[in-house]
Amino acid sequence: MNTVKATAGSIKKAAALIRAGGVVAFPTETVYGLGADGLNPVACARIFEIKGRPRFDPLILHECSAARARKLFSCVPAPALRLMKKFWPGPLTLVLPKAAAVPGIVTAGLKTVAVRVPGNRHALALIKAAGRPIAAPSANSFGRLSPTTAEHVSRQLGNGPDLILDGGKTDIGVESTIITFEKGRPVLLRPGGLPLEEIEKLTGPAARPGKTGGKSPLAPGCLKKHYAPKARLKIIEPGRAPRPSLRAAYLAFRRKPAGNWAAVKVLSRSGDLREAAAGLFGALHALEGAGVPLIYAEKVPMHGLGRAIMDRLKHGAA
Ligand code: AMP
Ligand code: MG
C-alpha cells in the first residue's frame with residue numbers, strides 16, 4: 001500500500017522522492033495530480049508510462065507562487081498578468097511561450113508551456129519543499145475518469161506512483177480552465193474549474209481555438225474521447241429519462257428519476273453548479289462501479305461551472 005495521509009512528514013518524504021526523480025500522486029483543488037520534477041525529463045517520462053498515455057501530451061507545470069511561475073514563461077502579455085494576480089492560486093492554467101529551462105517532454109515539443117499555481121495547501125507545501133516546478137497531469141489511466149480521491153488514484157494506478165498523498169476529496173472536482181493568448185486576445189483551450197465569465201471580466205471575450213484567425217495552438221488534451229467511464233455514457237435532457245432499466249445507471253442533475261435503475265446519483269438538489277462539479281467524477285466512479293453497460297447523464301446549464309461539466313460529459317460520451 002503506497003497511500004499515506006498528507007502530513008508535514010509525508011509531504012517532506014514526497015518532496016524528497018520528487019527531487020530524486022520519483023513520481024508522486026498528490027491532491028490539488030481540482031483533481032489529483034501525478035507529479036514529477038518538471039525540470040527532469042526522465043522523471044517526466046515516467047508519468048507517461050504510469051498513465052499509459054499513448055503519446056506525449058503536454059503536461060501542466062505547477063508552481064507555489066505567481067512570482068516563481070512567471071519564470072517558466074519567456075514573456076507574459078498584460079492581460080495574462082492580470083489573470084495571474086487575480087486567480088492564482090486557483091483553478092486557472094495559462095499557456096504562454098516557454099522559458100528555455102522547460103524541457104521538451106513537458107511541452108510535447110511545443111514552444112508554449114502550461115503553468116498554474118494550485119489552490120491546495122498540501123500541493124503548495126509539496127512544491128515548496130521540492131523546490132522546483134512539479135509537472136502533473138491528472139492521476140488517472142489515460143482517457144479514463146479523473147480522480148477526486150486518493151482511492152480513485154490507487155484503484156486505477158495501483159503501485160505505479162512511488163507514493164500517493166491522501167488529502168481527502170478535492171474541493172472543485174473538475175480540471176483547471178486553460179487559457180492562452182493569440183495576438184493579445186484570450187483563447188479558451190479547455191473549460192474548467194474557473195468559470196469563463198470570471199476570466200472575461202478581466203480580459204474581454206475569449207475566443208475558441210482557431211477562431212482568432214491566428215495560428216491555432218494545439219490543445220491535445222482535447223482528444224475526442226477523454227474522461228470516459230467504462231460504461232457507455234449517453235447524454236439526455238433533464239427529466240426526459242428513458243424507460244427505467246436495471247441494466248443502466250443514471251446521473252441526474254437535480255432530481256432523482258422515477259423507477260428502478262441499477263444505480264442513481266444526483267449532482268445537486270439545489271441546482272448548484274459548483275456542488276455538481278465537485279461531485280461529478282465521484283458520482284461517475286460510483287455509477288461505473290455498478291458494472292452496467294450504460295450510464296445516462298442529464299445535461300446541466302451552460303454557464304459557470306456547467307461548461308466544464310458538459311465538456312467532461314461530452315468527452316466521456318464520445
Ligand atoms: P491534464 O492531463 O488534465 O493535466 O491536461 C493537460 C492539458 O493541458 C493537455 O492535455 C493540454 O490540453 C493542455 N496543455 C498543456 N500544455 C499545453 C500547451 N503548451 N499548449 C496547449 N495546451 C496545452
Ligand atoms: Mg487528464
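Just so it is clear, the structure is predicted and the values come from calculations on it, not from any experiment. One-based numbering, in listed order, for ligands and for the atoms of each.
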Are side-chain N/O atoms of [X] and [Y] paired as donor and acceptor at under 3.5 Å?
X    : Y    : result
S138 : N140 : yes
R307 : T177 : no
R274 : S268 : no

Item to check | Residue of the set R312, H152, E175, Q156 for which side-chain hydrogen bond (donor to acceptor under 3.5 Å, both in side chains) holds with S146 | outcome: E175
Checklist entry - Going by the angle between their ring planes, with limits at 30° and 60°, are Y296 and W261 parallel, tilted or perpendicular? => result perpendicular
Which atoms from ligand 1 have a heavy atom of [X] less than 4.0 Å away?
X    : value
V95  : 18 (C), 19 (N), 20 (N)
T112 : 18 (C), 19 (N), 20 (N)
I178 : 7 (C), 8 (O), 13 (C)
L110 : 18 (C), 19 (N), 20 (N)
R190 : 1 (P), 3 (O), 5 (O)
L189 : 21 (C), 22 (N)

Checklist entry - Does any N, O or S atom in S146 come within less than 2.8 Å of the Mg ion (ligand 2)? => result no
Checklist entry - Between F73 and M84, does a side-chain contact (heavy atoms from CB on, under 4.5 Å) hold up when you go through it step by step? => result CA-CA 12 Å; F73 297 129; M84 289 176 187; 3.7 Å; yes
Checklist entry - ligand 1 versus T93, non-hydrogen atoms closer than 4.0 Å: side chain, backbone, both, neither? => result neither
